[in-house]
2 protein chains.
Amino acid sequence: MQSKADGTVGKALAVLELVAGFERPVRFSELQGTSDYPKATLYRLLQTLTKQRMLSYDPDSGTYTLGVRLVCLAHAAWKTSSLAPIARPYMDKLSEKTGETVHLAQLDHAQVIYVDKRNASQPLPMYSEAGKVGPAYCTGVGKAMMAYLPEDQLADVLAQQSWHRFTDGTLAEEDALRAELVAIRERGHAYDREEHEPGIICVAVPIRNDSGRVLGALSITSSTLRSSLDKLDSFVPLIRDTTNQIARETQNWRFPETKATA
Amino acid sequence: MQSKADGTVGKALAVLELVAGFERPVRFSELQGTSDYPKATLYRLLQTLTKQRMLSYDPDSGTYTLGVRLVCLAHAAWKTSSLAPIARPYMDKLSEKTGETVHLAQLDHAQVIYVDKRNASQPLPMYSEAGKVGPAYCTGVGKAMMAYLPEDQLADVLAQQSWHRFTDGTLAEEDALRAELVAIRERGHAYDREEHEPGIICVAVPIRNDSGRVLGALSITSSTLRSSLDKLDSFVPLIRDTTNQIARETQNWRFPETKATA
DNA sequence: AAATACGGTTCCACTATATGAAACTAAAAT
DNA sequence: ATTTTAGTTTCATATAGTGGAACCGTATTT
């Protein structure tokens, strides 16, 4: 089983993720094959989730898919939990000014999650790339965020990296990365020097609140064909400006009515 | 209590939705105020969800928000459960050809959920947004889908409508709506004659699979200032074409490998 | 046509889990 | 110093989940 599923909800969520993993409508038997829950248990779990509309069941084909309630919740999540709704107008502006791909990412567990994105050319519909996860140790946003993590958290995150060598440039060991993080703190922004995907480069700046806590990161990404680190460098003041504005707005927003008693 | 929450997962999900409802980071006590779960129960539920990363807890402020795991699942849901990924290229084409706002919606419970959207070349401000839900009885997509529901399901859906009179044109009672549904079946598409928002009109066509089951609906929306029902009417063949193509592709896609045994 | 295998669903005795009133702790307000 | 508020833990009890096995309908084989 993929993780320690304490409690019933844990199991239910594991099943949900199991269904999600297939990325297509899936039959009961297929699920049973990939799960070690006993048949009856799995069955009941699926039923519960279906009744709760977290899954939807197509009686024609006898398949389960992720339910719409999930999409609704996600809408709320996107609006609430992440920086996305605040950052949105700023990302638009940044995208317009630079003409390059803009990413908004947050750190979760030990991975980077892309919360929003602006494509270089076409305006993206909502969930297109948002929700994807990526490694922290070899992406601009990941490194930018890690650079400002308190030591205990950093150690925790570092311990969980896969250190897979995606390209020649990948910093595939802790020492090298720690050195890099120092450099990032010194200059205030991170680079991705084709460390994750060949030909893809970026600059990233962390978004931090007043107390210095890392909230997320913004990056501008391009390719070695179209641009260079030097060129991207010229965007840094603009990005930093944007991250600061976002950080400031976050402060107001997170406590809209601390004292409200109505 | 918002709904019959059978089982522990039901309760957990109710809590999740409770948090979602606030649309902002929320304190324990606030949640306690809006829920009738006893303190300890609510507390444990929150803890479980947090441990499962469906919620995230900010120790600085003592607030809960929807967690990233939700966003990840939603990403998968959007890609799998809905018509969205299939419909996407068709929506692009439709949007390009018509220059008007295009909506893709599905019916859930008794409500319409907007699964994807393309803005018009000059976008109008309006309610809908990807992930948002809306009423079924007074939207083009809602009526288009209801028109082709089997009677038992239809009755069920109708019974759950709020019948709020948003505008003068709103069909705010079952009889009127049923008559309208007959008309829709006769002509094969539905109109929204400013029934939900003043000045907003649309034509909608259902997406149905071979067996006639309603999968969703496509609509083209505009305003009375810019267009008219007559003008929108001219889009109908194009929309119908698109829905047919989407429906066809759905068939293939839902069983990518019925016989695969690897 | 009868026999069999398969995918899915239901049963039910058993027990792990969730429950919630109340007690407790820390911090803030008076 | 005392009270209130907000959040956390305890624990006996009850409830909800468990899973082996039996069951059922349909498709496949003989």
Side-chain angles (χ1 to χ4, degrees), chain A residues 1 3-19 22 24-52 54-65 254-262, chain B residues 1-19 22 24-52 54-65 211 254-262:
Chain A
M1 181 77 312
S3 62
K4 68 277 131 182
D6 69 321
T8 316
V9 273
K11 285 174 205 167
L13 291 172
V15 170
L16 211 56
E17 219 137 65
L18 194 63
V19 175
F22 277 84
R24 63 176 174 80
V26 61
R27 279 226 171 67
F28 175 82
S29 51
E30 300 182 272
L31 291 168
Q32 211 209 142
T34 3
S35 153
D36 9 283
Y37 292 121
K39 224 202 314 195
T41 302
L42 180 61
Y43 180 73
R44 237 172 322 97
L45 244 20
L46 285 169
Q47 270 204 161
T48 307
L49 287 167
T50 304
K51 206 181 321 174
Q52 295 294 333
M54 295 298 280
L55 290 178
S56 80
Y57 178 71
D58 178 356
D60 286 3
S61 59
T63 55
Y64 296 90
T65 48
R254 287 184 86 86
F255 311 104
E257 45 204 298
T258 318
K259 287 271 176 189
T261 332
Chain B
M1 175 78 317
Q2 43 263 44
S3 62
K4 68 278 130 179
D6 69 324
T8 317
V9 273
K11 286 173 204 167
L13 290 173
V15 170
L16 209 57
E17 218 135 66
L18 194 63
V19 175
F22 277 85
R24 63 176 173 79
V26 61
R27 279 225 173 67
F28 176 81
S29 52
E30 299 183 272
L31 290 169
Q32 209 208 144
T34 2
S35 154
D36 11 279
Y37 292 121
K39 219 189 341 181
T41 302
L42 180 62
Y43 180 72
R44 235 172 322 98
L45 244 19
L46 285 169
Q47 270 203 160
T48 306
L49 287 167
T50 305
K51 206 181 320 171
Q52 296 293 335
M54 295 296 281
L55 290 178
S56 80
Y57 178 71
D58 178 357
D60 286 3
S61 58
T63 56
Y64 296 90
T65 48
S211 31
R254 288 182 87 87
F255 312 104
E257 46 205 298
T258 317
K259 288 270 176 191
T261 332

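Every chain is numbered from 1, with letters handed out A, B, ... down the list of sequences.
Across all non-hydrogen atoms, the minimal contact from L45(A) to A12(A) is CG-CA, 4.2 Å.
The NZ-P distance, from K51(B) to dT17(C), rounds to 12 Å in whole Å. Going from atom CG of L49(B) over to atom C1' of dA18(C) covers 14 Å, rounded to whole Å. Per the geometry, CZ belonging to F28(B) stands 7 Å off P belonging to dT8(D), to the nearest Å. In this structure, the CZ atom of R27(B) is 9 Å from the P atom of dA6(D), given to the nearest Å. Spacing between atom CG of L46(B) and atom C1' of dA18(C) amounts to 15 Å, rounded to whole angstrom units. Counting to the nearest Å, the C1' atom of dT9(C) and the CD atom of Q47(A) are 8 Å from each other. For the pair Q32(B) CD and dT5(D) P, the interatomic distance rounds to 13 Å; values are reported in whole Å. Here dA21(C) presents its P atom at 13 Å from CG of L42(B), a figure rounded to the nearest Å.
Atom CE in M54(A) sits 5.0 Å away from atom CG in L13(B) (nearest 0.5 Å). Distance check: T41(B) OG1 to D36(B) CG gives 11.0 Å after rounding to the nearest 0.5 Å.
Nearer the 5' end of DNA chain C, as judged by each residue's closest nucleotide, is the contact made by Y64(A), out of Y64(A) and V9(A).
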Which atom pairs link the protein and nucleotides 18-21 of chain D when you take only N or O atoms and keep those under 3.5 Å?
unit_1: dT18(D); atom_1: OP1; unit_2: K11(A); atom_2: NZ; d: 2.9
unit_1: dT18(D); atom_1: OP2; unit_2: R44(A); atom_2: NH1; d: 3.4
unit_1: dG19(D); atom_1: OP2; unit_2: T41(A); atom_2: OG1; d: 2.8
unit_1: dG19(D); atom_1: N7; unit_2: R44(A); atom_2: NH2; d: 2.9

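OP1 or OP2 of dT8(D) sits under 4.0 Å from a side-chain N or O of Y43(B). Between S29(B) and the phosphate of dG7(D), there is a side-chain N or O to OP1/OP2 separation shorter than 4.0 Å.
Applying the side-chain contact (heavy atoms from CB on, under 4.5 Å) test to F22(A) and every residue at least two apart in sequence or in another chain returns R24(A), V26(A), E30(A), L31(A), T34(A). K39(B) meets the side-chain contact (heavy atoms from CB on, under 4.5 Å) test with F28(B), Q32(B); sequence neighbours excluded. Shown here are the side-chain contact (heavy atoms from CB on, under 4.5 Å) partners of P59(B), two or more places apart in sequence or in another chain: Y57(B).
Among residues at least two apart or in separate chains, salt bridge (charged side-chain N to carboxylate O under 4.0 Å, His left out) pairs with a member in residues 43-52 of chain A are K51(A)-D6(B).
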> Would Y37(B) and V15(B) satisfy side-chain contact (heavy atoms from CB on, under 4.5 Å), going step by step from the backbone distance to the final call?
Replying inline: CA-CA 9 Å; Y37(B) 292 121; V15(B) 170; 4.1 Å; yes
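Taken over five-pair windows at either terminus, the axes of the helix from dA1(C)-dT30(D) to dT30(C)-dA1(D) are inclined to one another by 30° (rounded to 10 degrees).
Proximity of T65(B) to D58(B): side-chain heavy atoms (C-beta onward) are nowhere separated by under 4.5 Å.
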